[in-house]
Number of protein chains: 2
Amino acid sequence: MARPRQFDEDQVLRAVRDQFWDAGYTATSLEDLMRVSGLGKGSLYGAFGDKHQLFLRALREYTDTSGGHLREMLTSAPRALDALRAFVLAPVSDPGGTAAQRGCLMANSTCELATTDPDVLAEARRTYEATTALVAECVVRAQDEGDLPRDVDPVATARALLAAQQGIVFMGRTGLDIDTLTATARTLADRFLPDA
Amino acid sequence: MARPRQFDEDQVLRAVRDQFWDAGYTATSLEDLMRVSGLGKGSLYGAFGDKHQLFLRALREYTDTSGGHLREMLTSAPRALDALRAFVLAPVSDPGGTAAQRGCLMANSTCELATTDPDVLAEARRTYEATTALVAECVVRAQDEGDLPRDVDPVATARALLAAQQGIVFMGRTGLDIDTLTATARTLADRFLPDA
DNA sequence: CGTATGGTGGACCGATCAGTCAATAATTCG
DNA sequence: CGAATTATTGACTGATCGGTCCACCATACG
């Protein structure tokens with residue numbers, strides 16, 4: 001029984017997320033956040049709390065969204081092996097390669113803040129634990145389908161695939177051209193995943 | 001014919017580098033830099049210019065030092081294949097795993113600043129180009145020694161090994177425990193480098 | 001020993017930082 | 001329609017930012 005919000009919370013979170021993504025957490029000022037969200041300080045603070053809380057919300061929005069995409073990617077393909085291959089190649093799936101240079105918000109934030117921000121570190125551990133579990137599930141399915149040998153440890157394999165994928169993401173962030181990056185991702189995928 | 005510097009430039013650069021390493025570029029203030037270096041503002045500005053120039057100097061000091069270590073690592077081992085293995089395992093060579101959590105200053109800086117700081121991006125490209133070349137040389141040597149097949153492209157292999165190594169570095173930054181991280185690095189190394 | 005040179009430390013600057021607060025506006029419910 | 005409630009806006013705060021400047025001082029050279 002009062003005045004309703006005049007903005008869409010998710011839309012604001014996405015705008016704020018993009019700002020943090022491009023400039024990093026520390027280098028983003030409240031003025032930046034007001035500009036990209038179109039909101040005043042009072043509204044931002046009223047709806048999300050301070051800068052740090054807002055960042056964690058945006059980060060969570062990001063991990064939830066990309067976690068959803070990941071789950072879909074890993075379960076939609078008919079063959080699990082193809083899904084794993086798509087997982088490693090995901091960082092170069094953007095045609096222009098512009099997305100590659102942006103890197104991953106979770107990874108960028110971890111590199112920037114892991115030493116000083118326990119909340120971000122915890123979110124990183126949570127995210128990569130969950131990702132490992134999802135990929136490991138897919139590895140088991142690939143084993144069931146006869147595409148991967150039975151004697152490899154699914155979780156260890158998942159961790160190696162995740163590390164390789166994050167390595168690709170990082171090389172993309174350095175501005176490595178998309179063709180070279182794609183070739184590198186393929187090389188890594190080929191070593192882990194037979195056939196093609 | 002004037003008063004000589006009362007500090008060792010390299011020592012200051014190392015202290016400053018550690019500060020940037022732990023807190024990131026943006027989150028490090030001039031007060032922090034004065035504290036860790038023991039110098040006043042005037043001395044810092046007189047010797048190194050502004051914060052950005054000082055950061056680039058510290059970053060260069062870091063890449064030069066680790067580039068030297070890398071070169072030594074890749075050339076000192078009797079067998080090139082062992083050197084390549086050591087390269088992939090380097091991020092977990094620290095016994096306690098504390099170094100692993102710190103990550104790599106160049107990588108952290110790239111993730112934080114790649115979008116906004118052309119100088120850092122250029123330094124990253126330069127560094128990883130040089131690293132690729134060094135590793136590729138070592139791959140050729142391993143081929144000459146009969147430990148790697150002749151038909152693989154040395155540069156492509158080097159890029160894949162570098163990406164895998166950076167993936168390990170990143171997983172270490174997320175705080176993944178050192179044992180799991182070591183196992184992951186071994187898994188990656190084993191796929192690329194036969195024998196042991 | 002005096003003077004020129006350049007290093008040193010800290011006061012100081014305007015700008016910007018994150019965050020607070022109160023006046024105002026918009027909405028719902030009685 | 002009026003009262004209660006909450007969103008919105010923007011002025012304001014004290015702190016801190018990066019950077020400048022200058023008075024002071026240690027040294028080297030004549």
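Per chain, numbering begins at 1; letters A, B, ... match sequence-line order. Reckoned from all heavy atoms, side chains included, excluding hydrogens, waters and symmetry mates.
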note: B:Met34, atom CE; D:dG18, atom C1'; distance rounded to Å ~ 12 Å
How long is the line joining CG of A:Leu39 and P of D:dT6, in whole Å? 19 Å
Please produce a list of atom pairs where a protein N or O lies less than 3.5 Å from an N or O of nucleotides 18-21 of chain C.
| unit_1 | atom_1 | unit_2 | atom_2 | d |
| --- | --- | --- | --- | --- |
| C:dA18 | OP1 | A:Thr28 | O | 3.2 |
| C:dA18 | OP1 | A:Lys51 | NZ | 3.1 |
| C:dA18 | OP2 | A:Leu30 | N | 2.8 |
| C:dG19 | OP2 | A:Tyr45 | OH | 2.8 |
| C:dG19 | OP2 | A:Lys51 | N | 3.2 |
| C:dG19 | O5' | A:Tyr45 | OH | 3.2 |
| C:dG19 | N7 | A:Lys41 | NZ | 3.1 |
| C:dG19 | O6 | A:Lys41 | NZ | 2.3 |

Rounded distance (Å) that lies between atom P of D:dA28 and atom CZ of B:Arg5: 15 Å
Tell me if the side-chain of A:Arg3 makes a donor-acceptor pair with the base of C:dA25, cut-off 3.5 Å, by modelled atom types. yes
Could you tell me if A:Lys51 sits above the aromatic ring of A:Tyr25, with its cationic atom closer than 6.0 Å to the ring centre and no more than 45 degrees from the axis? yes
Atom pair CG (A:Leu162) and CD (A:Glu129), whose distance is rounded to the nearest 0.5 Å: 9.5 Å
Side-chain N,O (B:Ser43) to OP1/OP2 (C:dG7) below 4.0 Å: no
Whole Å only: how far is the CD atom of B:Gln6 from the C1' atom of C:dG9? 11 Å
Is B:Asp32 reaching over with its side chain to a backbone N or O of B:Ser29, donor-acceptor style, under 3.5 angstrom? yes
Gap between atoms CZ and P, on B:Phe7 and C:dG6 respectively (whole Å): 15 Å
Before accepting this row, confirm whether a basic side-chain N of the pair B:Glu31/B:Arg35 lies closer than 4.0 Å to the acidic partner's carboxylate O. no
B:Leu33 CG to C:dT8 C1', straight-line distance once rounded to whole Å: 17 Å
Set of side-chain contact (heavy atoms from CB on, under 4.5 Å) partners for B:Lys41, sequence neighbours left out: B:Leu30, B:Met34
Between C1' on D:dT16 and CZ on B:Arg35, what's the gap in Å once rounded to a whole number? 15 Å
Evaluation steps, ring-ring contact (aromatic ring centres under 6.0 Å, His included), between B:Tyr128 and A:Phe170: CA-CA 11 Å; B:Tyr128 293 110; A:Phe170 173 71; 5.4 Å; yes
